[in-house]
Amino acid sequence: MAEILTPDICVIGAGSGGLSVAAAAAAFGVPVVLIEQGRMGGDCLNYGCVPSKALLAAAKHAVASRRVPPFGITQQRAEIDFAKVHAHVHGVIAAIAPNDSRERFAGLGVQVIEGAARFTDSRTVAVGDKFEIKARRFVIATGSSPAIPPIPGLAETPYLTNETVFDLKQCPEHLIIIGAGAVGLELAQAHRRLGAKVTVLEAAVPLAADDPECTAIVLEHLAREGVVIRSGVKVTRIGHTDGGIAAVIETSQGEETIEGSNLLIATGRRANVTRLELEKAGIKYDGAGISVGRGLKTTNSRVYAIGDVAGGHFTHAANEHAGIVIRNALFRLRARVNEDLIPRATFTEPELAHVGLTEVQARRRHKEIRVLRWPYHDNDRAQAERATEGHIKVVTAKNGRILGATIVGNQAGELITTWTLALSRGLNIRAMTGIVVPYPTLSEIGKRAAIGYFTPSLNNPRLRRLINFLRRFG
Ligand SMILES: Cc1cc2nc3c(=O)[nH]c(=O)nc-3n(C[C@H](O)[C@H](O)[C@H](O)COP(=O)(O)OP(=O)(O)OC[C@H]3O[C@@H](n4cnc5c(N)ncnc54)[C@H](O)[C@@H]3O)c2cc1C
């Protein structure tokens with residue numbers, strides 16, 4: 001006989017989104033059940049953000065000797081012990097893991113159940129034959145898994161995904177990566193810097209969602225470091241070679257075979273819906289995940305879906321979704337998601353970060369826009385740090401209302417936050433000219449771009465006449 005539980009909220013999935021909902025609900029004293037079939041912390045902690053950023057951090061140190069000579073410093077070329085890099089990556093995961101652990105959540109008053117959840121009807125979730133949960137509200141936060149493309153030969157060939165690549169204790173000799181999105185390119189740069197030859201194969205355009213003027217700077221940098229990126233090529237077959245793999249690609253010049261030691265698939269994500277038996281609860285979904293409204297309710301009014309399974313792509317999106325569900329489910333508010341206010345960052349070097357509308361999107365939605373830029377090259381701090389690659393690009397409406405910002409360059413992921421705040425408060429670009437920014441900091445690039453909005457008016461004859469008139473008064 002299954003034990004029947006009747007919490008207020010039942011959360012399925014203990015990744016970024018699910019943990020945030022469970023922690024917040026428990027903090028308000030609400031009875032919560034949290035179900036997790038795998039590792040607490042989900043993708044972000046175990047197979048995503050955390051290990052990838054830890055690997056990139058190691059990779060940055062691996063190439064430090066290249067960047068120090070202009071500072072008057074010489075350094076021996078780095079020796080890389082990949083097994084120790086592996087230990088570093090897993091050490092970082094272990095350091096963060098207690099925050100997401102069963103013990104911590106049990107301590108917060110959350111009942112954590114191990115196992116796979118599935119709906120049995122519109123009001124009930126079962127975990128094996130041990131538990132039946134009849135909650136007031138359910139939150140599906142089951143995340144996503146690597147989408148595996150149907151390439152002939154792939155199923156018979158050993159390949160890596162984000163779930164296995166961080167287990168490598170030996171650096172691949174030649175890593176072939178299929179997919180040039182953020183995940184593919186971050187891992188490409190990390191492995192290249194740690195000693196691998198890297199080839200990235202992309203059927204369309206790398207970093208397709210981002211502004212091409214800014215992505216070009218990332219791609220040029222990666223090419224200079226020796227990452228080979230082949231865009232507009234279709235992988236038609238995967239096969240074995242002695243000790244490696246062969247990817248057959250179709251290019252405009254015909255077929256070509258690329259041989260490598262390891263293959264990594266980074267061709268996007270697939271929502272984790274199959275084990276949930278959503279049909280039994282009347283919850284609609286499609287290839288992009290579970291269908292939700294802006295309040296994150298599914299087609300079953302008792303059930304919300306958040307994070308990757310509801311079309312999110314980032315940990316901070318899952319956290320934002322969690323906050324919205326808490327407001328809606330606990331306080332019956334009408335909180336809504338605004339996708340335009342969710343920033344994104346690619347943590348290559350140079351970093352690429354964006355919030356709001358890109359120039360192309362802004363031109364589609366607005367009759368007239370202004371595009372403002374400022375290069376890192378003209379920033380004193382960037383010069384001092386000898387990191388002058390990149391620029392900020394800000395898009396405003398004709399009246400100066402900020403519509404979006406993209407930053408490519410050092411610390412872009414940090415610098416975008418100011419623009420996210422500006423957008424979320426509906427600020428006009430004038431506000432960005434009025435703030436005092438410490439000198440010398442990279443933040444000045446934003447202020448300088450903002451001042452550019454007023455450059456045309458410097459030549460305004462009426463303004464010049466007014467200044468001349470006022471000068472007469474001493
Ligand atoms: C390599 C890589 C790097 C990334 N880097 C970044 C980054 O730098 N910044 C960023 O913001 N985002 C990054 N992401 C994306 C980020 O990891 C995800 O957006 C985030 O983890 C989504 O959180 P979630 O709660 O929706 O799902 P997840 O974190 O995936 O959690 C879902 C959980 O649900 C569990 N589950 C699934 N089905 C069931 C079931 N039926 N029953 C019980 N449990 C179930 C799973 O086991 C999992 O633990 C990266 C992703 C990858 C792959």
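Residue indices begin at 1 and follow the sequence shown. Numbering of ligands and ligand atoms starts at 1, following listing order.
Looking at Leu187 against ligand 1, nothing comes within 4.0 Å, counting heavy atoms. Residue Thr142 touches ligand 1 through backbone and side chain together, judged by heavy-atom distances below 4.0 Å. Contacts of Leu19 with ligand 1, taken as heavy-atom pairs under 4.0 Å, are absent altogether. Contacts with ligand 1 closer than 4.0 Å are made by side-chain heavy atoms of Asn162 only, the backbone lying farther away. With a heavy-atom cut-off of 4.0 Å, Lys53 touches ligand 1 through its side chain alone.
Atoms of ligand 1 lying under 4.0 Å from at least one heavy atom of Ala116, given by number and element, are 42 (N). Taking every non-hydrogen atom of Ile35 and a distance limit under 4.0 Å, the qualifying atoms of ligand 1 come out as 43 (C), 44 (N). Proximity to Val183 (heavy-atom distance under 4.0 Å) selects the following atoms of ligand 1: 1 (C), 2 (C), 52 (C). Residue Gly307 approaches ligand 1 through these ligand atoms, each under 4.0 Å from one of its heavy atoms: 26 (O). Under a 4.0 Å criterion applied to the non-hydrogen atoms of Ala117, ligand 1 contributes the atoms 40 (C), 41 (N), 42 (N), 43 (C). Remark: ligand 1 atoms within the under-4.0 Å shell around heavy atoms of Leu276 are 41 (N). Within ligand 1, the atoms closer than 4.0 Å to a non-hydrogen atom of His316 are 11 (O), numbered from 1 in the order shown. Of all atoms in ligand 1, listed by their number and element, those nearer than 4.0 Å to a heavy atom of Phe347 are 8 (O).
With respect to atom 33 (C) of ligand 1, the closest heavy atom belonging to the protein is Glu36 OE1, 3.5 Å. In this structure, the protein non-hydrogen atom closest to atom 25 (O) of ligand 1 is Gly17 N, 2.8 Å. At the shortest separation from atom 52 (C) of ligand 1 among protein heavy atoms lies Gly48 CA, 3.6 Å. Of all protein heavy atoms, the one lying nearest to atom 21 (O) of ligand 1 is Cys44 N, 3.4 Å. Protein heavy atom nearest atom 20 (C) of ligand 1, with residue, atom name and distance: Thr315 OG1, 3.6 Å. Looking only at protein heavy atoms, the nearest one to atom 44 (N) of ligand 1 is Gln37 N, 3.2 Å. From the protein, the heavy atom lying nearest to atom 22 (C) of ligand 1 is Asp308 OD1, 3.3 Å. In this structure, atom 29 (O) of ligand 1 lies nearest to the protein heavy atom Asp43 N, 3.1 Å.
Within 6.0 Å of CZ on Arg66 lie more than 12 heavy atoms contributed by other residues, nucleotides or ligands. Surrounding CD of Glu173 are at most 12 heavy atoms belonging to other residues, nucleotides or ligands under 6.0 Å away. No more than 12 heavy atoms of other residues, nucleotides or ligands shown are found within 6.0 angstrom of NZ on Lys197. Few gaps surround NE2 on His88; more than 12 heavy atoms of other groups in view lie less than 6.0 Å from it.
Looking at Thr298, its side chain does come within 3.5 Å of a backbone N or O of Val303 through a donor-acceptor pair. The backbone N or O of Leu160 sits nowhere less than 3.5 Å from a side-chain atom of Thr164 that would complete a donor-acceptor pair. Between the side chain of Gln189 and the backbone N or O of Glu349, at least one donor-acceptor pair lies under 3.5 Å. Remark: side-chain polar atoms of Asn379 are paired, donor with acceptor, to backbone N or O of Thr441 under 3.5 angstrom. Under a 3.5 Å cut-off, the side chain of Arg344 and the backbone N or O of Ala209 do form a donor-acceptor pair. A donor-acceptor contact shorter than 3.5 Å is absent between the side chain of Tyr285 and the backbone of Val273.
Of the N or O atoms in Phe314, one or more lie within a sub-3.5 Å distance of an N or O in ligand 1. The shortest N or O to N or O distance between His313 and ligand 1 is below 3.5 Å. Ligand 1 has no N or O atom lying under 3.5 Å from any N or O atom of Ile306, backbone or side chain. Every N/O-N/O distance between Tyr47 and ligand 1 stays at or above 3.5 Å.
Aromatic ring orientation, His316 versus Phe314: parallel (interplanar angle below 30°, classes split at 30° and 60°).
No hydrogens or angles considered: nothing links the side chains of Arg137 and Asn328 as a donor-acceptor pair under 3.5 Å. In the model, Glu225 has a side-chain atom that pairs as donor or acceptor with a side-chain atom of His221 under 3.5 Å. Between the side chains of Thr124 and Asp121, at least one donor N or O sits under 3.5 Å from an acceptor N or O.
Residue Cys49 holds the heavy atom nearest to atom 4 (C) of ligand 1 of all those in Gly143, Gly18, Pro146, Cys49. Taking each of Ala141, Gly42, Gly13, Ala266 in turn, the one with a heavy atom nearest to atom 32 (C) of ligand 1 proves to be Ala141.
The only member of Thr406, Ile407, Leu207, Thr358 that meets side chain to side chain contact (heavy atoms under 4.5 Å, CB included) when paired with Cys214 is Thr406. Of the candidates Val11, Thr315, Asn319, Asn319 is the only one forming a side chain to side chain contact (heavy atoms under 4.5 Å, CB included) with Ser20.
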Please walk me through it: do Leu45 and Arg39 pass side chain to side chain contact (heavy atoms under 4.5 Å, CB included)? CA-CA 9 Å; Leu45 174 64; Arg39 291 193 193 173; over 6 Å; no
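Under a 4.0 Å heavy-atom criterion, Arg269 is in contact with ligand 1. For Arg39, the heavy-atom gap to ligand 1 drops under 4.0 angstrom. Within the structure, the closest approach of Gly115 to ligand 1 falls below 4.0 Å when heavy atoms are considered.
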